[in-house]
Amino acid sequence: MMNWSRRHFLKNSAKALAAAAVPAAAYELLTPEILAAVRKGKGPRWAWVIDATKCVGCGMCVQACKRENEIPWETTASRTWVERYVVTTDGRVLIDSPNAARDGYTKNNPMGEQVPAEQIAKGFFVPKVCNHCENPPCVQVCPVGASHVTDEGVVLVDRSWCIGCGYCLQACPFGTRFFHPVHKTAEKCTFCYHRITKGMNPACVDACAFGVRKWGDIRDPNSEVSRIVRTERVTVLKEEYGTKPHAFYIGLDRIVR
Amino acid sequence: MPVHGEIWTIKELFVYPNENIVWSIQIVLYPYLTGLVAGAFVLSSLSHVFGKEELKPVTPFALVFSLALLLAAPLPLLFHLQQPQRNIHVLFTPHFTSAIAAFGVVFSVYAAIVASEVWFTYRQHIVESALSLRKAEGLPARLKGLLYRVLTLGSYDVSEKALKLDERVATVLAGVGIPVACFLHGYVGFIFGSVKANALWMTPLMPVIFIMSAVVSGIALCLFTYIVIMEIRVIFKRPSPWGPERGHPSAMPQRETDIQIIRIIAKYLVFFMILALSLELLDLVFHSYTAKKPYEILQTIIFDRFAFNIFGLQYGLGMALPFLLLLLPSLSIRRAFVASILILFGVFMMRWNVVIGGQAFSLTFSGYMNYQLPIIPHDLDTFKEGLAGFLLLLLLPFGLLWLFSRFLPLFPKKEKLSPLG
């Protein structure tokens, strides 16, 4: 056995300490938070602003989305949809979204019920999309990492990797996900990632004749969405789940689901 | 063109267009089977780890049953996946913020523990069979001999010292296995309990509730199968197919079910039933007492739409009645048998009420989804996630148990079976 003198001991201890300190220091330099902060300052962070007061429920956004993103026409599910809310004078709340509002609301028949115009206290439409949350539970629960977030905050699904377990469908509080009937993988609004990365608008934004849907970089102080979120009264859906949704709404009512 | 789940989902009032019951009967079966695995393993470990000598006769049986159930347990998941051929991604590219990603690790560790414990428990039998079949003639016997030789893994040492070591290792494995078994099932509870979007599922009690009901169902299944195996031989009046004494006059049928063992198992069962019931009721009371935002719709699920399922079938038929049957004095085999079936049914209903009940209301809190189990399959989906696929996977563990029993005696050393009689 080696005979250890005090000098030996001190020398080796110092070496060990130094060796341990190097990787620890290197690790500290590269914490995910720091990396994220470095990244955060730079590129865009896409967000929606949806002015529900302007929506007329024509369903053009749903049609455009289905065509653009190849969601079969007859499928009731959709990456985006529009909900109709009708509150009667006696306080009843009627909500529906038949076929995800693909064909628009052309009849006064919420939930299949004829409501005379004089009995309607208020009525409005609310378009829905993926909220591209800052803290997306759908990505958290994906067991294989097929659901992921891009640097711009867009939540996407890798169709070639999704195993189709449906956990993300359960985890999303907004009901934005479904299984694609053809690809058999989790499907959701991609912010039309294939379009926005080429400098185009999402299909639904282009299809909306009323300027309901706006999108842009929330980090850019000069963008329209950033200005609206900073200066107007906006809200998000289901804030209580802590997902930090990035679809900011103007003109939501408390009955909105 | 329907999306997945639309075929068996009937929507009522306002439900989001994309919502459907996507976790169907196989996801009811999955926690049921893993629960049985964990429960059977805990029963098998009681004699080893806690020195419950009186349970020793059923230890190997419960262990082998646990292995059979374990092999069947991932299949419901596989049947339910929309891309089953990609299942391996969970093992090779696990995304560890997901509870499901833990599956690969926990399941493999647990499978290794159960398989090694089975090996150490049966090593002597395997070596003896391998040696006795070495010079066997005829293809089946030679194949059997080959299988035993492979199973020895090259270790033929059956000296007293080696056997003592085997037992010590088996005890350690049983001890390590209990927390892993609880973790295996606890994580299944976590899968549900951590879904913050689901008001019925989200509770930190979920993993513990799952573990308790797992132990209850696992012990009940062992009780049920023990009685069936023991009684069936008397009923069919045939020699014991297990053990080396086949054909020997002493193996002629005689009543072998040991009422003492049944009574001891029943005691453990009652103990765990009390724990399971208390936790489940605590959860229920908390939901109603705190009455948070979703409670309005939860109330209609618990006390109206699922009231018969929950209070009639799960708690009444599956908990209170067997509780009485087991607790009334002078427990008979028949009563224990009926009680074990009722408990198994009750725990299954608990899984059903959690999985299907949790999806019976919409995320809008303004609508409902009703589940209609596909009975007659007309495509792959309705087979995999219908009655046929369900029954297939439910019965599979029994088939595996039968298969294993051809090679590993479930109740070895019969003289020890009746320590009191």
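Only heavy atoms go into these numbers, but all of them, side chains included; no hydrogens, no water, no symmetry mates.
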Other residues, nucleotides and ligands only: do more than 12 of their heavy atoms fall within 6.0 Å of [atom1] on [X]?
| X | atom1 | value |
| --- | --- | --- |
| B:Gln372 | CD | no |
| B:Phe286 | CZ | no |
| B:Ile376 | CD1 | no |

Once ring pair (Phe, Tyr, Trp, His ring centres under 6.0 Å) is applied, what residue pairs with a partner in residues 77-96 of chain A remain, sequence neighbours excluded?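 Listed once each, the pairs are A:Trp81-B:Tyr16, A:Tyr85-A:Phe124.
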
Among the listed options B:Lys196, B:His80, B:His89, the residue most often paired with chain A at heavy-atom distances under 4.5 Å: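 Going by pairs under 4.5 Å, I would pick B:His89.
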
Give, as side chain, backbone, both or neither, the part of [X] having an atom under 4.5 angstrom from any heavy atom of chain A.
| X | value |
| --- | --- |
| B:Phe103 | neither |
| B:Val195 | side chain |
| B:Ser362 | neither |
| B:Leu77 | neither |
| B:Leu91 | neither |

Heavy-atom distance under 4.5 Å to chain B: side chain of A:His180, backbone, both or neither?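 Neither part.
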
Quick one: of [options], who has the most non-hydrogen atom pairs under 4.5 Å with chain B?
| options | value |
| --- | --- |
| A:Ser78, A:Pro98, A:Ala186, A:Ala146 | A:Ser78 |
| A:Ala101, A:Ser97, A:Gly112 | A:Ser97 |
| A:Met111, A:Arg79, A:Lys184 | A:Lys184 |
| A:Gln140, A:Lys238, A:His183 | A:Gln140 |
| A:Thr75, A:Val141, A:Ile95 | A:Ile95 |

If the threshold is 4.0 Å, N to carboxylate O, is there a salt bridge linking [X] and [Y]?
| X | Y | answer |
| --- | --- | --- |
| B:Lys11 | B:Glu6 | no |
| A:Lys122 | A:Asp253 | yes |
| A:Arg45 | A:Glu152 | no |
| B:Glu12 | B:Arg305 | yes |
| A:Asp206 | A:Arg195 | yes |
| A:Glu83 | A:Arg257 | no |

Name all residues meeting the ring-ring contact (aromatic ring centres under 6.0 Å, His included) criterion together with A:Tyr105; count only those two or more places apart in sequence or in a different chain, and write none if there are none.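 Only A:Phe125 meet the ring-ring contact (aromatic ring centres under 6.0 Å, His included) criterion with A:Tyr105.
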
Quick one: which residues of residues 157-177 of chain A reach chain B at under 4.5 angstrom, heavy atoms only?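 Only A:Arg159, A:Ser160, A:Trp161, A:Cys162, A:Ile163, A:Gly164, A:Cys165, A:Gly166, A:Tyr167, A:Leu169, A:Gln170, A:Ala171, A:Cys172, A:Pro173, A:Phe174, A:Gly175, A:Thr176, A:Arg177 of residues 157-177 of chain A have a heavy atom under 4.5 Å from chain B.
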
Would you be so kind as to tabulate the donor-acceptor pairs closer than 3.5 Å made by side chains of residues 241-252 of chain A, with sequence neighbours excluded?
{"residue": "A:His246", "atom": "ND1", "partner": "A:Lys244", "partner atom": "O", "Å": "3.1"}
{"residue": "A:Tyr249", "atom": "OH", "partner": "A:Pro127", "partner atom": "O", "Å": "2.7"}

